[in-house]
There are 2 protein chains.
Amino acid sequence: MSVQLHHEDCRVVLPSVPSESIDLIVTDPPYLMDYKSGWRKEAFDKIVGDKDGHELIRTSFAEMARVLKQNSAVYVFCSWHHVDFFKREFEQHFTLKNLLVWVKNNTGPGDLEASYAPMHELVLYGMKGRRLLKGGRTPDVIRFKRVNGESMIHPTEKPVDLCRFFIEKSSEPGDVVLDPFMGSGTTGEAALSCDRQFIGIEIAANHFMTSKARLSQIQPVLF
Amino acid sequence: MSVQLHHEDCRVVLPSVPSESIDLIVTDPPYLMDYKSGWRKEAFDKIVGDKDGHELIRTSFAEMARVLKQNSAVYVFCSWHHVDFFKREFEQHFTLKNLLVWVKNNTGPGDLEASYAPMHELVLYGMKGRRLLKGGRTPDVIRFKRVNGESMIHPTEKPVDLCRFFIEKSSEPGDVVLDPFMGSGTTGEAALSCDRQFIGIEIAANHFMTSKARLSQIQPVLF
DNA sequence: ACTACGGTTGAATCCTGAA
DNA sequence: GTTCAGGATTCAACCGTAG
């Protein structure tokens with residue numbers, strides 16, 4: 001059992017991960033949206049969505065496909081704004097099985113007069129080979145409460161419960177879960193909470209420190 | 001006030017529709033999936049999903065953009081399987097404002113062991129120019145009961161309530177609603193039920209007869 | 001032409017206090 | 001202790017305008 005964290009660009013770290021050594025990937029890459037919260041602008045830096053973003057996704061997806069074991073699953077968060085790009089890149093490496101809909105508990109802003117109020121995010125769910133889901137059949141529309149703003153430590157933080165839901169659906173205790181875009185370490189916390197091993201990669205120093213501290217509280221962390 | 005129906009390929013009919021004469025488009029084109037209902041296959045013909053399908057979407061979208069008035073909205077049903085293709089074609093002609101999620105009340109079939117159970121369909125919502133939504137702000141996740149199998153007269157039939165919801169959000173009484181892929185006439189029934197005019201086009205003889213009969217019961221139909 | 005910034009909705013949920 | 005009503009809170013935006 002172990003937790004292994006890397007403070008580095010995942011494009012640098014992944015090539016040193018052995019092929020077919022990962023049992024499950026659950027990750028939340030940058031949405032390439034030039035997003036900056038207008039509500040908590042002092043709290044978080046802008047998430048970059050530069051031209052490099054497309055290359056980042058392409059390269060990391062290819063490496064993710066290499067390190068993933070046969071008959072193992074992948075979950076990639078994504079927004080509808082660029083779902084076409086993410087879907088096509090995803091399908092170059094994995095069999096896309098569902099476009100899951102995460103329905104949140106409240107709406108966001110946006111165009112207040114001419115748009116419907118954003119209340120969901122998408123998750124590309126796929127696999128290499130064929131892997132069955134555990135725990136019975138569940139709908140592809142999944143409702144989970146958003147992380148409460150006060151306790152939020154990353155601007156786009158995902159609920160631990162949602163990540164654990166995916167992990168328990170698509171892996172076994174003891175399996176190795178990878179997140180190449182670790183952020184605040186939500187996937188890591190979810191993995192450890194249900195007895196999986198975890199490998200996390202994060203390029204940003206502040207987020208890396210956050211997740212290192214967060215996961216160290218649960219279990220000794222290796223580097 | 002009028003209902004106008006055409007039994008023909010929409011690529012043939014649309015060129016004769018004047019530019020900027022339509023107030024709203026709500027349509028459910030073929031999903032390009034080689035769809036065939038496994039449990040009622042005898043009831044419906046296979047909906048064609050051949051290479052011609054891509055050309056059909058491209059050509060009809062271009063014509064839809066031409067006939068639509070400035071500052072008017074478009075709703076196009078689509079499944080996640082080809083959302084990348086539909087999104088890109090849509091964005092060549094319209095401003096995409098939302099990817100709406102229609103959540104059904106029950107799940108469909110599909111891979112029973114390795115997939116999540118399909119419970120939603122997508123709707124591309126966009127516009128030409130800028131058009132405000134009526135009736136307050138509503139979430140982009142919309143729950144409506146699916147048309148049940150027994151009363152279904154078309155394999156991909158959408159609920160009248162859902163179509164009426166879109167129509168009332170994005171048009172005024174007396175406006176002209178167009179559906180170039182009329183199918184069983186659901187959009188037409190929805191349009192008439194809230195006092196809009198309707199132009200419907202359907203290539204398949206059986207579906208055309210169905211919708212002609214269905215709409216004639218509500219209002220005299222022109223050809 | 002760009003970039004940066006201020007202002008804004010409605011809905012779900014949580015909190016607080018009273019019945 | 002429990003329920004319920006009312007207030008507070010928050011939002012993987014986007015428009016319009018100013019510089």
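Order of the sequence lines sets the chain letters (A, B, ...), proteins ahead of strands, with each chain counted from 1.
Distance, B:Ile142 CD1 to C:dG10 P: 17 Å, rounded to whole Å. At whole-Å resolution of the value, NE2 in A:His120 and C1' in C:dA12 are 17 Å apart. Put simply, CG on B:Leu132 is 14 Å from C1' on C:dT8, counting in whole angstrom units. Rounded to whole angstrom, the span from the CE atom of A:Met119 across to the C1' atom of C:dT13 amounts to 11 Å. As a whole-Å value, the separation of B:Lys134 NZ from C:dG10 P is 16 Å. One atom, OH of A:Tyr116, and another, P of D:dA13, lie 19 Å apart when rounded to the nearest Å. Rounded to whole Å, atom C1' of D:dA13 lies 11 Å from atom CG of B:Asn98. Atom P of nucleotide D:dA13 and atom NZ of B:Lys97 are separated by 14 Å, given to the nearest angstrom.
Taking SG of B:Cys78 as the start and CG of B:Leu124 as the end, the distance is 4.5 Å to the nearest 0.5 Å.
The side chain of A:Asp111 lies closest to D:dC14, out of D:dC11, D:dC14, C:dG10. When the nucleotides D:dC14, C:dA12, C:dT8 are ranked by their closest atom to the side chain of A:Asn105, C:dA12 comes out on top. Comparing D:dC11, D:dG16, C:dT9 against the side chain of A:Asn106 picks out D:dC11 as the nearest.
Ring centroids of B:Phe90 and B:Phe94 are separated by less than 6.0 Å, placing the two rings close together. Taking the ring centroids of B:Phe85 and B:His54, they lie under the 6.0 Å cut-off.
Along DNA chain C, the nucleotide nearest B:Arg137 and the nucleotide nearest A:Lys104 are compared for position; the residue whose nucleotide lies closer to the 5' end is B:Arg137. Nearer to the 5' terminus of DNA chain C, by closest-nucleotide assignment, is the contact made by A:Thr107 (compared with the other of A:Thr107 and A:Arg143). Judged by closest nucleotide on DNA chain D, A:Lys158 is the one of A:Lys158 and A:Glu113 placed further toward the 5' end.
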- Message: As a quick check of understanding, evaluate salt bridge (charged side-chain N to carboxylate O under 4.0 Å, His left out) for B:Arg11 and B:Glu63, giving each step before the final call.
- Response: CA-CA 8 Å; B:Arg11 288 170 290 189; B:Glu63 278 299 293; over 6 Å; no
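Between A:His81 and D:dC14 there is a side-chain polar atom (N or O) within less than 4.0 angstrom of OP1 or OP2. Note on A:Lys145: a side-chain N or O is less than 4.0 Å away from OP1 or OP2 of C:dC14.
Base pairing annotation: D:dT3 forms a Watson-Crick or G-U wobble pair with C:dA18, both donor-acceptor distances under 3.5 Å.
The side-chain tip of A:Lys158 points at the ring of A:Phe77 from less than 6.0 angstrom away and within 45° of straight on.
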